Every structure is written in structure tokens, then in C-alpha cells.
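Atoms considered below: every heavy atom in the structure, side chains included; atoms not considered: hydrogens, waters and symmetry mates. Read the numbers this way: they start at 1 and go in the same order the structure lists the ligands and their atoms. Being a predicted model, the structure only gives us computed values, none of them experimental.
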Amino acid sequence: MSDKAILEINGEKYEFPVITGTENEVAIDIKALRGSTKGVITLDPGYKNTGSCESAITFLDGEKGILRYRGYSIEELAEKADFLEVAYLLIFGELPTQEQLDKFHADIKSHSVVDDDIKKILDAFPKSAHPMGVLASLTSALTAFNPTSVNVDSEEEMYNAIVRILGKFPILVAWTMRKKHGMPLDYGSSSLGYVENILQMMFKNPTSDYEQNPILINALDKLLILHADHEQNCSTSTVRITGSSHAGLFVSLAAGISALWGPLHGGANQAVLEMLEAIKEDGGDTKKYMAKAKDKNDPFRLMGFGHRVYKNFDPRAKIIKVAANEVLSDLGVEDPILDIARGLEKEALEDPYFVDRKLYPNVDFYSGIIYRAMGIPVEMFTVMFALGRLPGWIAQWREMRLRKEPIGRPRQLYTGETYRPFKSIEKR
Ligand code: ACO
């Protein structure tokens with residue numbers, strides 16, 4: 001591979017360096033493009049061909065179905081590590097020793113309370129509010145209660161902000177759900193593991209002890225690990241670009257939560273279940289919905305199928321499909337929605353439209369099914385995704401800060417009106 005790329009515009013040749021990543025991915029470094037060509041830019045809506053940064057956190061190869069965090073395969077991490085170890089790995093770059101992990105967990109636990117006034121903010125939301133909107137608002141509001149968290153020039157304050165948010169975020173998640181169901185708010189217990197505590201905070205009945213179920217702990221641990229990072233996706237890019245203005249961690253995360261909310265991104269797991277419910281209500285005719293998905297005049301898409309980067313299979317979907325089967329059989333769940341899901345999956349995997357376009361079930365197709373079996377309401381699914389993605393967002397934000405990346409500010413190709421003189425209101 002040549003180490004330079006040549007671009008010819010109007011007979012003039014420009015040379016740009018070609019750089020290679022550790023996994024031999026190749027990029028043309030066009031940092032000097034606009035300056036040397038006197039104003040020419042690249043145009044790439046949706047950024048399908050544009051690298052926004054160099055990053056050492058997550059590697060994925062969509063063609064081969066590879067996903068690795070800091071070099072470790074997602075398959076090994078899902079099998080051998082727990083979520084907190086993976087969080088440490090993503091954020092600090094190495095798997096922790098037992099001592100490092102204990103300190104990290106102790107630091108997080110020491111911040112596992114939120115100011116009680118947060119309850120007043122939560123109370124002001126109507127019960128009908130979507131949990132993602134509530135979560136984004138509460139995460140942003142945390143800044144007001146932790147003002148030093150905005151000091152992005154101090155590594156110590158950055159560390160404090162990181163353990164604070166890892167301690168407080170599960171509380172916000174659990175409270176968002178409990179408030180919606182009229183349940184009293186709970187602070188959990190510092191004697192529990194990180195994931196066990198999340199389950200207890202979400203599900204503990206006020207009048208009885210919460211009995212931990214190892215199958216659910218294992219399934220949630222896996223789900224959170226699988227969602228923990230996915231390089232420069234929509235929400236992560238949002239976190240990095242928000243933080244690039246030197247905004248603090250909590251508000252950068254709040255921006256990421258908002259980006260994750262949409263049905264083409266994290267909202268897909270909710271959309272999958274809503275789609276399955278709608279198919280059930282309509283008589284369970286999967287063929288009818290397959291036909292709708294293929295009809296170019298119909299905006300309907302088969303939610304939970306297709307991925308911007310995985311064009312062969314989603315490695316996370318493979319792992320979670322196994323976990324979904326385990327959870328369903330261990331809990332003895334019988335659910336017509338799941339039969340519809342299995343039917344759609346089978347038909348899509350055999351249908352030339354989906355096969356030709358390389359549209360396979362993605363991680364969200366199965367995660368919604370597990371969350372439903374666990375008793376998590378559909379509207380909370382994307383919140384659970386955010387809970388898993390938290391360490392990835394933090395790691396990406398921290399990397400962006402430590403690399404002192406410039407403020408993110410894309411260009412545009414203007415296609416509007418050229419100059420026209422102002423028209424007074426009576427002449428319009
Ligand atoms: N159902 C039906 N057709 C689809 C679907 C789908 N789910 N996904 C893509 N297609 C078709 C498109 O219509 C297009 O067809 P064409 O070539 O005939 O025009 C072709 O497949 C390529 O689609 P694009 O939208 O160009 O693919 P892109 O990579 O931009 O989109 C995306 C990926 C947004 C995930 C898309 O597949 C989709 O909308 N899927 C459903 C939503 C979903 O499950 N999102 C979750 C993603 S995973 C995550 O965020 C963790």
C-alpha cells in the first residue's frame with residue numbers, strides 16, 4: 001500500500017499521507033485538504049467513509065463480524081469477565097488486577113448515592129414521560145450537584161467524575177423505572193456486586209427481601225458487556241463531539257443518551273418489541289410484515305435487522321441469542337411474542353431480500369426479548385442499553401480529553417439561495 005494518496009482537481013495534484021492502524025485499516029489523512037486546495041472539502045453525509053478520530057479502545061470489523069475491546073474479543077469478555085472489569089478495561093486500557101478492581105469498586109460505591117433533591121426533579125416529570133428523556137435530564141442535572149465534575153483539565157477530577165457517574169447512574173436508571181410504576185425509591189446496598197445491586201434497586205419490593213437469581217445476574221452482566229462500547233457510533237460520536245467543546249462528563253453523557261434514544265440507534269430494542277406486539281395484535285401474520293419490509297413504497301422496516309457496520313453477522317447477536325434461549329428456558333417463559341420473533345428471524349434469514357442486503361438480526365433483536373423475560377418494561381429497554389454503554393461513552397470521552405482533540409466542527413456544502421436583497425413585508 002502506498003503511503004500517499006494523490007487527488008487531482010482542475011489539473012492540480014495534491015498529495016495526502018496514507019496512514020495505517022494497528023489492524024491494518026487504512027485512512028487518507030486529509031487534515032491539510034481545505035488549506036492546500038483553498039477551500040475544497042469532502043462531503044460524506046452519515047459519515048460512512050469518514051474517520052472522526054484515532055482511537056485505541058474498540059476494534060470492529062463489520063465484514064468479518066469481529067468486536068474487540070482493547071484487543072480482547074467480545075466472546076472471551078462475555079464469557080470470562082464481569083461488567084465492572086470490562087468497564088475498567090475500556091476506560092483505563094488494561095484488565096484490572098484484583099487490587100485495582102477492588103479500589104475501583106470501592107470508589108464507585110463511595111459515590112453510590114445522589115443528592116436527595118434529585119427526587120424533586122424526578123417528581124416533576126409526568127408518569128407518562130419517556131424514561132430516556134428523564135434519564136438524560138437527570139444525568140445533566142447531576143452537574144449542578146457535582147460542580148467540580150466540569151473540571152476537564154484535571155485528571156484527578158476526571159477520575160472523580162468517572163467513579164461518581166458509575167455510582168450514580170444505576171440509581172437514576174432504577175429510580176426512573178420505579179417512579180413510573182409508583183414504587184418507592186431505593187438506594188440499593190453497598191454489600192452487593194455492581195450488577196446485583198442494579199437488579200435489587202430496580203426490582204426490590206418494599207415489603208420483602210429481593211432474592212437474587214444467578215441466571216438473571218449472568219444475563220444482565222452479559223447484556224451490559226455486549227453493549228459497553230461500539231466505537232464511533234451515533235451516541236458515542238455525540239459524547240465525543242459534545243465533550244470536544246470542553247463540556248463536562250455528565251452533560252456530554254446526557255447528549256449521548258439523547259442520541260441513543262432514536263429508533264435507528266438504541267431505541268431499536270424498544271421498537272423491536274413494539275413491532276412484535278403490533279404483529280401479534282394484527283393476527284401474527286409474519287409474512288405480511290416481511291412483505292411490508294420489502295416494499296419500497298412502505299416506510300416499514302423490520303426492526304432489529306440490519307446494521308450500519310456488521311454486514312455479515314453481529315457477533316453480539318450470536319452471544320446474546322444463546323443467553324436469550326438460556327433465560328427463556330430457565331425462567332420457563334412461554335410468550336407468543338417470542339414465537340413471532342423466531343418466525344421472523346427464520347423467514348428473514350432465508351429471504352433473498354434480506355440475504356442479498358446482508359440484513360441479519362442485530363443485538364437489539366435479542367436484547368429486547370431478554371429484557372421482556374426479565375420483567376423490564378419495554379420503555380426501559382433503551383435505558384438498559386444506556387446503562388451498558390456508559391463505560392464506553394466514558395472511555396471515549398476520556399480518550400478524547402487526554403488526546404486533547406480539537407473541537408468538533410464539521411463543514412458543509414452550502415446549497416441554499418445566493419445573495420438576494422431583503423424584501424420588505426408588504427412586497428412578500
Ligand atoms: N428492514 C427492511 N429493509 C432494510 C432494513 C430493515 N431493517 N435495513 C436496511 N434495509 C434495506 C434498505 O431499505 C436498503 O435497501 P435498498 O438498498 O434497496 O435501498 C438496504 O437495506 C441498505 O439499507 P441502509 O439504510 O442504507 O443501511 P444502513 O447501513 O444505512 O442502515 C440501519 C443500518 C439504520 C441499522 C438499518 O438497517 C435499519 O434501519 N435497521 C432497523 C433499525 C435497527 O434495528 N437499528 C438498530 C441498529 S443496532 C444498534 O444501534 C445497536
Fill in: Distance filter under 4.0 Å to F385 heavy atoms, resulting ligand 1 atoms
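Numbered from 1, ligand 1 contributes 51 (C).
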Please work out, at 4.0 Å between heavy atoms, whether the side chain, the backbone, both, or neither of [X] comes within that distance of ligand 1.
{"X": "D364", "result": "side chain"}
{"X": "R357", "result": "side chain"}
{"X": "F365", "result": "neither"}
{"X": "L359", "result": "side chain"}
{"X": "K48", "result": "side chain"}

Discussion item. Any atom of ligand 1 sitting under 4.0 Å from a heavy atom of F300?
Written reply: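 For ligand 1, residue contact (heavy atoms, under 4.0 Å) with F300 is absent.
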Fill in: H227 heavy atom under 4.0 Å from ligand 1
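False for this residue.
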Under the 3.5 angstrom rule, does the side chain of [X] hit a backbone N or O of [Y] as a donor-acceptor pair?
{"X": "R70", "Y": "E94", "value": "no"}
{"X": "H181", "Y": "M183", "value": "no"}
{"X": "S110", "Y": "D107", "value": "yes"}
{"X": "D44", "Y": "N49", "value": "yes"}

At what distance is the nearest protein heavy atom to [atom], and which residue and atom is it?
{"atom": "atom 39 (O) of ligand 1", "answer": "R301 NH1, 2.7 Å"}
{"atom": "atom 28 (P) of ligand 1", "answer": "R308 NE, 3.7 Å"}
{"atom": "atom 45 (N) of ligand 1", "answer": "A268 CB, 3.4 Å"}
{"atom": "atom 29 (O) of ligand 1", "answer": "K311 NZ, 3.0 Å"}
{"atom": "atom 19 (O) of ligand 1", "answer": "K296 NZ, 3.8 Å"}
{"atom": "atom 7 (N) of ligand 1", "answer": "L302 O, 2.8 Å"}
{"atom": "atom 47 (C) of ligand 1", "answer": "N362 ND2, 3.7 Å"}
{"atom": "atom 44 (O) of ligand 1", "answer": "G304 N, 2.8 Å"}

Fill in: Distance flag for atom 22 (C) of ligand 1, protein heavy atom under 4.0 Å
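Neighbour list for atom 22 (C) of ligand 1 is empty of protein heavy atoms (cut-off 4.0 Å).
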Is the [X]-[Y] ring centre distance short of 6.0 angstrom?
{"X": "F104", "Y": "Y88", "answer": "yes"}
{"X": "F305", "Y": "F365", "answer": "yes"}
{"X": "F169", "Y": "H111", "answer": "no"}

Item to complete: Would you mind finding which of F305, Y353, Y310 brings a heavy atom closest to atom 3 (N) of ligand 1?
Response: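 Going through F305, Y353, Y310 one by one, Y353 has the nearest heavy atom to atom 3 (N) of ligand 1.
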Discussion item. Apply side chain to side chain contact (heavy atoms under 4.5 Å, CB included) to residues L89 and L77 and explain how you reach the verdict.
Written reply: CA-CA 10 Å; L89 170 72; L77 290 171; 4.0 Å; yes
Practice prompt. Evaluate whether atom NZ of K294 has more than 12 neighbouring non-hydrogen atoms of other residues, nucleotides or ligands under 6.0 angstrom away.
Written response: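 Counting neighbours around NZ of K294, more than 12 heavy atoms of other residues, nucleotides or ligands fall under 6.0 Å, so yes.
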Fill in: From CA spacing to verdict: side chain to side chain contact (heavy atoms under 4.5 Å, CB included), D123, K179
CA-CA 8 Å; D123 274 344; K179 157 85 197 235; 3.9 Å; yes
Worksheet item: Are any of the side-chain heavy atoms of I340 and E277 separated by less than 4.5 Å?
Response: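 They are not in contact (no side-chain heavy atoms under 4.5 Å apart), so the answer is no.
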